Visitor: 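Here it is, the structure in full.
In listed order, ligands and their atoms are each counted from 1. Everything numeric here is computed off the predicted structure, so don't read it as measured data. Index from 1, following the sequence.
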Amino acid sequence: MARIIGGIGTTHVPAIGKAIADGKQNDPYWKPFFSGFDAVHKWLAREQPDVAVVFSNDHGLNFFLDKLPTFAVGAANEYRNEDEGWGIPVSKTAQGNADLSWHMINGLVEDGFDITMCQEMLVDHAITIPLQLIWPNGDWPPIVPISINTVQHPLPSMARCLELGRSVGRALASYPRDIKVLVIGTGGLSHQLDGERAGFINKEFDTHCMDQLTADPEALTRYSIPQVVELAGAQGVEFLNWMAMRGALTGTASEVHRNYHIPISNTAAATLVLENRPRAEKRKAA
Ligand code: DHB
Ligand code: FE
């Protein structure tokens with residue numbers, strides 16, 4: 001059975017890709033952000049995941065407003081990136097694990113998630129940037145990408161995304177191979193890229209969300225999507241990817257690392273590592 005070692009939440013701002021390409025990790029603007037990954041690298045060196053399940057939102061590279069699945073699961077053995085127009089180099093191709101993808105797709109559909117299954121899928125900066133941040137030496141494990149619509153309203157609710165993650169967690173628990181899985185949720189935290197509130201950031205709400213993600217994720221489901229837009233900005237709804245990541249941690253989740261830095265581009269940049277420990281089995285009556 002697959003073992004879920006934990007989850008990572010991370011921002012996916014494209015400008016990070018340009019900073020990496022230009023070797024600016026130690027520049028004063030970037031250092032407080034990049035140094036937040038030192039603890040991530042140490043933790044991963046210990047945990048050594050075999051596969052990463054990545055919840056993210058597509059930004060028009062793969063799906064556009066004309067056809068936009070609420071939830072889409074990649075079922076390929078490789079995922080290409082293409083030029084997205086942000087001025088960042090096209091990333092190398094991410095490897096997939098189609099066998100694990102199909103197992104998860106079966107579990108999700110059995111649980112009532114009418115997902116779109118994608119035997120071809122491009123991955124955009126919402127996946128390539130987090131992979132570069134988490135594995136800066138390029139040693140990425142195979143991924144299973146799961147795309148959540150955070151772009152075209154109506155969006156799925158906070159509760160639905162938490163449930164999606166839980167369904168992924170259950171599917172992983174029934175996977176017959178002994179592999180270690182890392183779950184990643186990308187995007188956020190608070191940001192708004194356009195309109196009257198462009199540049200909006202809400203540190204108080206971001207902190208509350210990160211705290212509750214460990215302590216009581218269910219409590220976050222009381223926020224409707226319009227409330228999340230109000231509190232976190234129009235693109236702050238990318239937190240839905242973090243909700244799904246948290247849902248997949250079906251054991252006991254504890255925070256092992258957090259970095260929060262304002263701003264990176266227009267965004268409150270956050271990095272969170274949650275460890276997932278299997279719940280102690282109920283003791284049999286003596
Ligand atoms: C920015 C943030 C995003 O989430 C994104 O997808 C693109 C750009 C930004 O802050 O620049
Ligand atoms: Fe984004």
Visitor: Does His125 have its ring centroid less than 6.0 Å away from the ring centroid of Trp86?
Guide: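 Ring centroids of His125 and Trp86 are less than 6.0 Å from each other.
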Visitor: For the pair Ile225 and Leu240, evaluate side chain to side chain contact (heavy atoms under 4.5 Å, CB included) and give the outcome as yes or no after the intermediate values.
Guide: CA-CA 10 Å; Ile225 294 298; Leu240 290 172; 4.1 Å; yes
Visitor: So, His12 and the Fe ion (ligand 2): N/O/S under 2.8 Å, yes or no?
Guide: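 Of the N, O and S atoms in His12, at least one lies under 2.8 Å from the Fe ion (ligand 2), which means yes.
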Visitor: Over 60° means perpendicular and under 30° means parallel, so classify the ring planes of Phe33 and Phe37, tilted if in between.
Guide: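 Correct class here is perpendicular.
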Visitor: Report all N/O contacts between ligand 1 and the protein shorter than 3.5 Å as a table of atom names and distances to 0.1 Å; if there are none, say 'none'.
Guide:
residue: ligand 1; atom: 4 (O); partner: His12; partner atom: NE2; Å: 3.1
residue: ligand 1; atom: 4 (O); partner: His191; partner atom: NE2; Å: 2.8
residue: ligand 1; atom: 4 (O); partner: Glu238; partner atom: OE1; Å: 3.1
residue: ligand 1; atom: 4 (O); partner: Glu238; partner atom: OE2; Å: 3.4
residue: ligand 1; atom: 6 (O); partner: His12; partner atom: NE2; Å: 3.3
residue: ligand 1; atom: 6 (O); partner: His59; partner atom: NE2; Å: 2.7
residue: ligand 1; atom: 6 (O); partner: His125; partner atom: NE2; Å: 2.8
residue: ligand 1; atom: 10 (O); partner: Ser265; partner atom: OG; Å: 3.4
residue: ligand 1; atom: 10 (O); partner: Asn266; partner atom: N; Å: 3.1
residue: ligand 1; atom: 10 (O); partner: Thr267; partner atom: OG1; Å: 2.6
residue: ligand 1; atom: 11 (O); partner: Ser265; partner atom: OG; Å: 2.6

Visitor: Decide whether a cation-pi geometry holds between Arg160 and Phe113; the criteria are a distance under 6.0 Å from NZ or CZ to the six-membered ring centre and an angle within 45° of the ring axis.
Guide: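 Judged by the rule, Arg160 and Phe113 form a cation-pi pair.
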Visitor: So that I can check it, does any N, O or S atom in His59 come closer than 2.8 Å to the Fe ion (ligand 2)?
Guide: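 A backbone or side-chain N, O or S atom of His59 is under 2.8 Å from the Fe ion (ligand 2).
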Visitor: Starting from the Fe ion (ligand 2), look over the N/O/S atoms of Glu238 and name the nearest one.
Guide: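 Atom name of the closest N, O or S in Glu238: OE2.
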Visitor: Going through the checks in order, is the side-chain hydrogen bond (donor to acceptor under 3.5 Å, both in side chains) test met by Ser147 and Asp58?
Guide: CA-CA 6 Å; Ser147 180; Asp58 185 86; 5.6 Å; no
Visitor: Determine the sole option in Thr186, Thr267, Thr128, Asn241 for which the side-chain hydrogen bond (donor to acceptor under 3.5 Å, both in side chains) test with His12 is passed.
Guide: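 With His12 as partner, side-chain hydrogen bond (donor to acceptor under 3.5 Å, both in side chains) holds for just one option, Thr186.
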Visitor: Using the benzene-type ring in the case of Trp, are the ring centres of Phe205 and Tyr223 under 6.0 Å apart?
Guide: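 Between Phe205 and Tyr223, the centre distance is under 6.0 Å.
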